[in-house]
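All remarks here apply to the structure that follows.
Since the structure is predicted, the reported quantities are computational estimates derived from the model, not experimental observations.
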Amino acid sequence: GPIPEGHGVLHRCDNPPCQNDRHWFTGTQTANHADMTMKGRNAMGEANGWSRLTQDQVGEIRARYAQGGVYHRELAVEYGVSRTAVSAILRREIWQHV
């Protein structure tokens with residue numbers, strides 16, 4: 001049938017060559033992302049090709065900030081990331097798995 005507006009065709013078995021239409025369903029990009037995350041198919045941390053930090057560096061950032069005497073901005077410059085990224089690391093909005 002027709003694909004609803006704002007939806008795409010998603011795949012239950014996550015096997016790209018599969019052409020079994022019983023494995024397809026429609027959903028939004030948000031639903032697709034949630035499905036990917038639930039199945040553990042999203043690259044996290046160092047496995048993400050865009051990551052600038054290692055798990056060890058994230059641990060260092062958190063430990064140094066917890067000791068006090070250092071600002072987000074200083075950590076950002078030292079580790080080559082934005083102040084916003086450092087803030088998100090410290091609030092555990094990103095790198096939650098570390």
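- For the pair Y79 and R52, the minimum side-chain heavy-atom distance is 4.5 Å or more.
- Within the 3.5 Å criterion, the main-chain N or O of I89 finds a donor-acceptor partner in the side chain of R62.
- Environment of NE2 in H11: crowded, with over 12 heavy atoms of neighbouring residues, nucleotides or ligands closer than 6.0 Å.
- Side chains of H7 and T28: no donor on one and acceptor on the other come within 3.5 Å.
- In this structure the side chain of T30 never reaches within 4.5 angstrom of the side chain of H33, judged on heavy atoms.
- Rounding to the nearest 0.5 Å gives a distance of 10.0 Å between OG1 of T84 and CD of E93.
- In this structure, Y65 has its ring center closer than 6.0 angstrom to the ring center of H72.
- Under a cut-off of 6.0 angstrom, the local environment of OH in Y71 is sparse, with at most 12 non-hydrogen atoms contributed by other residues, nucleotides or ligands.
- Under the 4.5 Å side-chain criterion, counting only non-hydrogen atoms from C-beta, V86 is in contact with V81.
- Residue I3 is grouped with residue W24 when hydrophobic side chains (ILVMFWY) are merged at heavy-atom distances under 4.5 angstrom, including chains of intermediate members.
- Distance alone, capped at 3.5 Å, is enough to place a donor-acceptor pair between the K39 side chain and the R12 backbone.
- The number of heavy atoms from other shown groups lying within 6.0 Å of CZ (R91) is above 12.
- A salt bridge links R64 with E78: the closest approach of a Lys/Arg side-chain nitrogen to an acidic carboxylate oxygen falls below 4.0 angstrom.
- No side-chain heavy atom of W95 sits less than 4.5 Å from a side-chain heavy atom of Q57.
- V98 pairs with exactly one of L53, I61, V58 by the side chain to side chain contact (heavy atoms under 4.5 Å, CB included) rule, that one being V58.
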